[in-house]
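Accompanying notes for the structure given below.
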Amino acid sequence: MRFSAFFFDGACRAFHHRPTFSKLVVILAASGGGLVAYADSKSDHAIASSQVAPKKKVVVLGTGWAGTTFLKNLDSSLYDVQVVSPRNYFAFTPLLPSITCGTVEPCSIVEPIRKIIKKKGEIKFWEAECFKIDPTSKEVHCRADIGTNLDGNDEFLLNYDYLVIAIGARVNTFNTPGVVEHCHFLKEVEDAQKIRRSVMDCFERASLPNLDEEERKRILHFVIVGGGPTGVEFAAELHDFVTEDLSKLYPMVRDLVKISVIQSGEHILTMFDKRVTEFAEEKFQRDGIEVKTGFKVVEVSDKNITMANKSTGKMSVPYGMAVWSTGIGTRPVIMDFMKQIGQANRRALATNEWLRIHECDGVYALGDCATISQRKIMVAAQQGNYLAKCFNKMKDCEEHPEGPLRITESGRHRFRPFRYKHFGQFAPLGGEQTAAQLPGDWISIGHSTQWLWYSVYASKQVSWRTRALVISDWTRRFIFGRDSSRI
């Protein structure tokens with residue numbers, strides 16, 4: 001008993017001085033000369049916590065339509081989410097043509113990405129650019145270019161369990177000489193701001209007293225290469241800007257302005273119904289916008305655009321400003337990734353019906369980098385929403401799959417496959433007239449459709465702040481006109 005009492009007293013003293021054991025119950029039992037001790041402490045909770053599986057890492061590349069929609073709908077409490085993008089905001093790109101002419105201000109269509117993910121909980125954001133994807137080691141190589149060190153760039157690695165690639169695409173120049181050096185693009189907010197300044201530069205330059213009329217005509221010749229929705233909408237916005245605002249400010253040169261649209265196909269807006277295409281071409285003809293179809297641009301210099309036609313051959317046209325809007329191409333990081341996974345001969349990443357890249361477990365591709373479509377914005381948003389829902393119910397669907405029956409294996413797929421739903425598309429044509437092609441082969445053209453365009457684009461804004469700013473910009477334009485300041 002002395003031994004037992006001594007042991008009990010020593011145990012109590014020892015554990016009394018150990019702060020990690022705040023609650024201690026020691027029960028000693030003498031049975032056949034043996035002692036048994038039981039402890040209940042905070043260490044048991046720590047052991048149990050250490051056995052909880054860590055959250056899977058989800059790395060999202062890009063904050064465009066697909067990436068932002070995915071983040072907005074994802075239950076971030078289920079994963080360790082990290083976002084990588086060279087721009088720290090989401091931009092409502094359908095209104096970029098409106099920025100070029102002062103109808104809408106740039107800050108009205110952008111929302112800080114940190115403000116969006118703040119509502120979703122613990123999501124990390126890194127303002128950097130992914131320059132390499134390593135599917136073997138499941139790592140992405142990123143580089144920041146925000147002056148974080150003496151060289152102006154920092155490189156770091158991110159490991160992932162799931163990778164969502166939504167970095168979009170770049171402008172496709174078709175390797176045409178002089179395009180990069182002399183043409184404007186219209187894909188980012190910065191592009192729209194450059195075009196806006198360039199338009200005002202052309203008018204100011206053409207107003208100088210030491211120029212002859214031919215030089216003024218050249219400077220005020222605005223050329224849009226590409227007859228798709230972006231090119232057509234910019235041409236319409238520019239025409240309205242010139243006729244409604246700039247003609248009053250520059251009366252000496254207003255009759256010298258010329259707007260031309262160059263299209264390699266036989267018609268503009270070929271992705272729309274024939275009725276929309278015919279109306280757009282007739283309206284442009286009435287407005288004095290020259291539409292040159294069947295011409296392919298082969299070279300661009302600082303003052304001339306050379307184009308070729310099968311019947312007339314090559315011809316050179318002088319210009320003052322050119323906007324290149326002929327489609328999209330694959331980014332270098334995606335091209336390198338496609339070589340690694342055996343898709344080097346494709347135009348975009350090949351995915352299955354569940355948006356997973358073939359032969360890449362846990363890697364998904366959304367938006368332009370995986371879809372070459374004229375309705376790319378609508379496709380990207382729906383893909384982001386679909387994939388977020390799949391991630392939210394991934395654990396439940398592993399136990400209770402809801403997809404179709406597998407063909408080569410037993411059981412079902414975890415999720416239902418992605419299906420795109422077309423809700424219609426718009427083509428603003430200027431003069432407060434818009435063409436709309438809606439489901440069910442319904443075509444609407446005119447002033448009433450313009451108000452439908454206003455309501456849809458206002459409702460699609462990413463936040464109430466941007467929604468209020470865009471509506472106020474439209475109201476300001478109706479009352480005071482467009483802003484012609486060169487800022």
Side-chain angles (χ1 to χ4, degrees), residues 86-87 91 93-102 106 168-206 215-239 241-242 246 256-265 268-270 284 289-309 314-332 368 372 374 376 486:
R87 65 182 190 187
T93 51
L95 288 179
L96 287 180
S98 298
I99 294 179
T100 62
C101 300
R170 62 176 177 176
V171 176
N172 193 351
T173 64
F174 301 97
N175 297 320
T176 306
V179 171
V180 176
E181 295 81 2
H182 305 295
C183 290
H184 291 279
F185 304 125
L186 189 50
K187 202 168 189 312
E188 305 288 347
V189 175
E190 295 81 3
D191 297 334
Q193 291 176 302
K194 290 178 182 177
I195 292 174
R196 178 174 173 176
R197 288 192 291 266
S198 183
V199 169
M200 298 315 304
D201 284 344
C202 288
F203 274 87
E204 292 294 346
R205 212 160 65 238
E215 181 65 10
R216 288 190 174 96
K217 286 183 178 180
R218 182 193 69 80
I219 294 173
L220 293 176
H221 185 195
F222 301 95
V223 177
I224 298 96
V225 183
T230 302
V232 168
E233 184 173 352
F234 170 67
E237 278 278 357
L238 182 59
H239 175 266
F241 189 29
V242 172
L246 296 183
L256 305 178
V257 179
K258 183 180 180 181
I259 302 174
S260 299
V261 178
I262 302 175
Q263 167 71 347
S264 59
I268 61 174
L269 298 177
T270 54
F284 274 16
I289 300 175
E290 181 183 35
V291 178
K292 301 182 74 67
T293 57
F295 284 87
K296 179 182 178 181
V297 175
V298 296
E299 185 179 359
V300 180
S301 66
D302 59 340
K303 294 184 179 181
N304 292 279
I305 291 180
T306 304
M307 48 189 174
N309 181 271
K314 288 186 178 181
M315 62 180 298
S316 184
V317 176
Y319 76 98
M321 189 193 81
V323 175
W324 188 273
S325 178
T326 60
I328 57 177
T330 308
R331 293 186 183 274
D368 290 347
I372 303 298
Q374 297 294 345
K376 50 186 178 294
R486 187 195 182 282

Distance-only check: which donor-acceptor pairs under 3.5 Å involve side-chain atoms of residues 192-200, not counting sequence neighbours?
| from | atom 1 | to | atom 2 | distance (Å) |
| --- | --- | --- | --- | --- |
| Arg196 | NH2 | Asp483 | OD2 | 2.9 |
| Arg197 | NH1 | Ile487 | O | 3.4 |
| Ser198 | OG | His184 | NE2 | 3.3 |

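For His221, the side-chain hydrogen bond (donor to acceptor under 3.5 Å, both in side chains) test picks out Ser260, with sequence neighbours left out. Not counting sequence neighbours, the partners of Val242 by the side chain to side chain contact (heavy atoms under 4.5 Å, CB included) test are Phe203, Leu238, Leu246, Val257. Qualifying side chain to side chain contact (heavy atoms under 4.5 Å, CB included) partners for Pro86, counting only residues two or more places apart in sequence or in other chains: Glu129. Every side-chain hydrogen bond (donor to acceptor under 3.5 Å, both in side chains) that Arg218 has, sequence neighbours left out, goes to Glu215. In this view, Thr293 and Gln263, Val291 satisfy the side chain to side chain contact (heavy atoms under 4.5 Å, CB included) rule, not counting sequence neighbours. Residues forming a salt bridge (charged side-chain N to carboxylate O under 4.0 Å, His left out) with Arg486 (at least two apart in sequence, or on another chain): Asp201. In this structure Asn172 satisfies the side chain to side chain contact (heavy atoms under 4.5 Å, CB included) test together with Phe174, sequence neighbours excluded. Residues meeting the side-chain hydrogen bond (donor to acceptor under 3.5 Å, both in side chains) test with Arg170, sequence neighbours left out: none. Evaluation of the side-chain hydrogen bond (donor to acceptor under 3.5 Å, both in side chains) rule for Ser325 yields no partner, not counting sequence neighbours.
Residues Val232 and Phe284 have side chains in contact (heavy-atom distance under 4.5 Å, counting atoms from C-beta outward). Residues Phe185 and Val179 have side chains in contact (heavy-atom distance under 4.5 Å, counting atoms from C-beta outward).
Listed by first and then second residue, the salt bridge (Lys or Arg N to Asp or Glu O under 4.0 Å) pairs involving residues 292-308 are Glu290-Lys292 (not counting sequence neighbours).
Looking only at distances, a side-chain donor or acceptor of Lys187 sits under 3.5 Å from a matching main-chain atom of Ala169.
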Quiz item: Going through the checks in order, is the side-chain contact (heavy atoms from CB on, under 4.5 Å) test met by Leu96 and Asp191?
Solution: CA-CA 9 Å; Leu96 287 180; Asp191 297 334; over 6 Å; no
